[in-house]
4 protein chains.
Amino acid sequence: MNIAAFPTKGERTRAHIVAAASGLFWRHSFHGVSVDLVAEAADVNKATVYRYFADKRDLALAVIRYNGEMTIAEVFEANFENLAEPQDCLAAIYRMVYGAHLGMQQDTGDLHGCPIVGLALELGQDMPEIREEAQRIFDQVEIYLSRIAAAAAARLNRDANAESQGRTLTQLLHGAFASARVASDPSRILDAGHASLELIGFPEKSILNKEQSGS
Amino acid sequence: MNIAAFPTKGERTRAHIVAAASGLFWRHSFHGVSVDLVAEAADVNKATVYRYFADKRDLALAVIRYNGEMTIAEVFEANFENLAEPQDCLAAIYRMVYGAHLGMQQDTGDLHGCPIVGLALELGQDMPEIREEAQRIFDQVEIYLSRIAAAAAARLNRDANAESQGRTLTQLLHGAFASARVASDPSRILDAGHASLELIGFPEKSILNKEQSGS
Amino acid sequence: MNIAAFPTKGERTRAHIVAAASGLFWRHSFHGVSVDLVAEAADVNKATVYRYFADKRDLALAVIRYNGEMTIAEVFEANFENLAEPQDCLAAIYRMVYGAHLGMQQDTGDLHGCPIVGLALELGQDMPEIREEAQRIFDQVEIYLSRIAAAAAARLNRDANAESQGRTLTQLLHGAFASARVASDPSRILDAGHASLELIGFPEKSILNKEQSGS
Amino acid sequence: MNIAAFPTKGERTRAHIVAAASGLFWRHSFHGVSVDLVAEAADVNKATVYRYFADKRDLALAVIRYNGEMTIAEVFEANFENLAEPQDCLAAIYRMVYGAHLGMQQDTGDLHGCPIVGLALELGQDMPEIREEAQRIFDQVEIYLSRIAAAAAARLNRDANAESQGRTLTQLLHGAFASARVASDPSRILDAGHASLELIGFPEKSILNKEQSGS
DNA sequence: AATGAATGAGGCTTCATTCAT
DNA sequence: CATGAATGAAGCCTCATTCAT
């Protein structure tokens, strides 16, 4: 999050609260985190939280939107420069997710799964907007992954149903997060990455196992 | 749940509470359901709940175990008679999951995802036992799915890494639940089913689309 | 309130809370009293208050009903034995109200007005049930006072509109409470009492100024 | 409120806030209205409210004074031109109060009682200044009504205790407001008006029922 | 085996108020 | 003169839990 992108003080405070809440909800679930704790983590008074969000649910909505924007921008958009080599693009995405999981494990000793799905699972029934927002995000993810599948098929001169593959890739990504969290094992991310690469026709494990680059 | 399997009245009461809590936690999450509500749904006094469970966390543990046993017994064990035709076995599993989702949507207007992953995601950080129990369950699931993969490879005279495929099949199953819930669309289950069948070498969509059988 | 009239422990606790709340609302208004304070005054835990009342408004409703029953029973019903002498009956009512005001002033240094009108004025707009309950109570009061007016006319062989007089007597009673509170002067009660007696044809001040008889 | 009477901008802003607060306190009670709401209704920033009033209590004091001045000026002073016919004077006062209640009922669907008594009842115990201010106002009202009683006695060549009658007329006016609010019925105002006219020796109902004259 | 009653702690939200600009 | 931003305290309500019967 580029803090400087928020011109007014209020906007910065708001963004600060969202970021703090995002981290907490991710780790401890929505209901597992009190507004008190969010305020403390954001280093603002509890009443300030309510200046920017109508209620805790409204905060959850802001958090899931924030998570969506971050994910799209930093995980997908950022790795789409080199779509000419779709396998590298997909590998870069998985490497980034893997790296994030390694960091998580070092920082907190645990893996927290996908923050978007986490909120959507917990609140989907009682807060339909949350589920709908998550759906919008994963629709975009599916589009990105379909484009990778299509590019891969083109590169290999293959005939493939890119849309269907995009969906499967998306579901594998969901599975990567879920199984990594349940097993508390980041290597599950790599497993799903390899399976994904194999699905689009690049079974060589070396693609994903390249050296990592930056944070 | 086979009520008759619990001989004493106490055991029946306990099982009744677990079943009620399981449904509520599934729909509204652990923290989203009060012990009051569980007691009311189970039609017992709140203090009775505490006669059978040390605290709410203990109840969560019983619920996840109950969900695990049910899943293994009714979804996997029950469909393993005809392993001779592994593709039919996998299709039967997915058809069952799909049917359950259709029922859910009719009953409550919404899909609730995998109850085991739901609890594990919500409580994994603050209740490691829950995560570990979930891991045990999905380890079993992975073994079942690996056996299907191995049988399929044998049937097709293929050389395949059944273990690795079992993991991918498990992750696809996670993805099926997650994306069905997020999209609120049961057909995502079928998508994952087809992808799974294709993965083990049976791309014909007709396998999964057969007529359904029984409840 | 006859505490022994409530058989179960719960009913006693409930009645205890209502009585405590009644006194506090009377003195400090509804919004001026916190549920915490009510609980403390009733010597029960706050959560116990919510076991018996859905919310604070529900408590207000119980309080106004309690006030109504008490008023009708102890101020009107109790003084209607000797309706044969309507002027004495009316005088007894006013003497009782006056005595209550004297006690109030000694106990708390202030007069609190009519507890029913107080709640109705404060909450009438936002809680119509409160206003309606108050209306029901004062409809009864008006009937009692009309009967006095009718009996007085009969006693004096006069022709009088007892209903219209009953309304005026009721309004004078309202005025007695209001002006006593605003002036912080119990003698306003006696002023209204004398005016009321004069209205029904008994202008002798001695009627109301008789010796008082116990609480 | 004659806005032009406030020369400086600050005085106008202050008067604007008082008027907004007066309306809100009248309808929803003092504790039932937040400073936020007052600021919003007055269309000024909350901090601006605190520029003109030390705290919320100070605002309540200003409101009750404002209500007192308005009442004395517009209800009593304005109707005292024709004291030569005291019965018409009293009738004009009641007609004005009645008209205000009709308007209230059309505008908000409810009657709010006397705003001065409302505040005094709610805050009398915890803000003695409020009660004292109300007392001062009603002392004036009593003087006005005593003068009417005296003039009426003179007109009818009667011997009457004007002071005592003034007090009763004041109490009847209190009763008019209270019973109109409790019954949510403006006609109670007219009832008290007729009773008041009868008290000063003018029982003909036609006096009050004359045609009304403008706002 | 089961329950009605009670509770301390904590949750969400709003209040009156102040500060810096 | 006015305001956007911030805050500590307090308000209403619910939670998980225990006790006495």
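The sequence lines fix the lettering, A, B, ..., with proteins before strands; numbering per chain opens at 1. Fair warning: this is a prediction, and the values are worked out from it, not measured in the lab.
Atom-to-atom, NE2 of H16(B) to C1' of dA2(E) comes out at 14 Å; the value is rounded to the nearest Å. Straight-line distance from the CZ atom of F30(D) to the P atom of dC15(E): 13 Å, rounded to whole Å. Rounded to an integer number of Å, the gap from CD1 of I17(A) to P of dC12(E) is 15 Å. Atom CD of E11(A) is separated from atom C1' of dA5(F) by 13 Å (rounded to the nearest Å). Rounded to an integer number of Å, the gap from CG of D58(B) to C1' of dT18(F) is 16 Å. Protein atom CZ of R12(A) is 13 Å distant from nucleotide atom C1' of dG4(F), rounded to whole Å. At whole-Å resolution of the value, CZ in R14(B) and P in dA1(E) are 13 Å apart. With rounding to whole Å, D36(C) atom CG is found 13 Å from dT14(F) atom C1'.
Looking at heavy-atom distances under 4.0 Å, F53(D) makes no contact with the nucleic acid at all. Across all strands, T48(C) comes closer than 4.0 Å to base atoms (heavy-atom distances). Here V33(C) lies in heavy-atom contact (under 4.0 Å) with sugar-phosphate atoms only.
Between Y52(A) and dA6(F) there is a side-chain polar atom (N or O) within less than 4.0 angstrom of OP1 or OP2. For dA20(F), neither phosphate oxygen OP1 nor OP2 lies less than 4.0 angstrom from any side-chain nitrogen or oxygen of K9(C). In this structure, K56(A) reaches the dC12(E) phosphate: one of its side-chain N or O atoms is under 4.0 Å from OP1 or OP2. Between T13(A) and dA5(F) there is no side-chain N or O to OP1 or OP2 distance below 4.0 Å.
By the 4.5 Å heavy-atom criterion applied to side chains, Q135(B) and R181(A) are not counted as neighbours.
Interatomic distance, CD1 of I130(C) versus CZ of R65(C), reported as 8.5 Å (0.5 Å rounding). The structure places CG of L24(A) at 10.5 Å from OG of S29(A), a figure rounded to the nearest 0.5 Å.
Closest to the A47(D) side chain, of the nucleotides dC12(F), dT18(E), dC15(E), is dT18(E). Comparing dC12(E), dA6(E), dA16(F) by their nearest atom to the side chain of S34(A) picks out dC12(E). The side chain of N45(A) approaches dG8(F) more closely than any other nucleotide in the set dT3(E), dA6(F), dG8(F). Considering only side-chain atoms of Y50(C), the nucleotide from dT18(F), dG4(F), dC12(F) that sits closest is dC12(F). Out of dC12(E), dC15(E), dA1(E), the shortest distance to the side chain of R51(B) is found at dA1(E).
No donor-acceptor distance shorter than 3.5 angstrom exists from the side chain of E122(D) to the backbone of E122(C), with no hydrogens or angles considered. Judged by distance alone, with hydrogens and angles left aside, the side-chain atoms of W26(C) form no donor-acceptor pair with the main-chain N or O of G118(C) at under 3.5 Å. For K56(B) (side chain) and F30(B) (main-chain N/O), a donor-acceptor pair under 3.5 Å exists by modelled atom type. With hydrogens and angles ignored, the 3.5 Å screen pairs no side-chain donor or acceptor of R131(A) with any backbone N or O of L123(A). Put simply, the side chain of T13(C) gets close to the backbone of K9(C): a donor and an acceptor are under 3.5 Å apart.
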Using distance only, find each side-chain donor-acceptor pair of residues 37-47 of chain B under 3.5 Å and give its atom names and separation, not counting sequence neighbours.
residue	atom	partner	partner atom	Å
N45(B)	OD1	A47(B)	N	2.7
K46(B)	NZ	D36(B)	OD2	3.2

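Between D55(B) and V49(A), the residue whose closest nucleotide on DNA chain F is further toward the 5' end is V49(A). Of the two residues contacting DNA chain F, namely G10(A) and R57(C), the nearest-nucleotide position lying further toward the 5' end is that of G10(A). Taking the nucleotide of DNA chain E with the nearest heavy atom to each of D43(B) and A54(A), the more 5' of the two is matched to D43(B).
Not a single donor-acceptor contact under 3.5 angstrom links the side-chain atoms of K46(D) to the base of dT3(F).
Stem regions for DNA chain F, each three or more consecutive Watson-Crick or G-U pairs with both distances under 3.5 Å and listed by first number, read E:2-21 with F:2-21.
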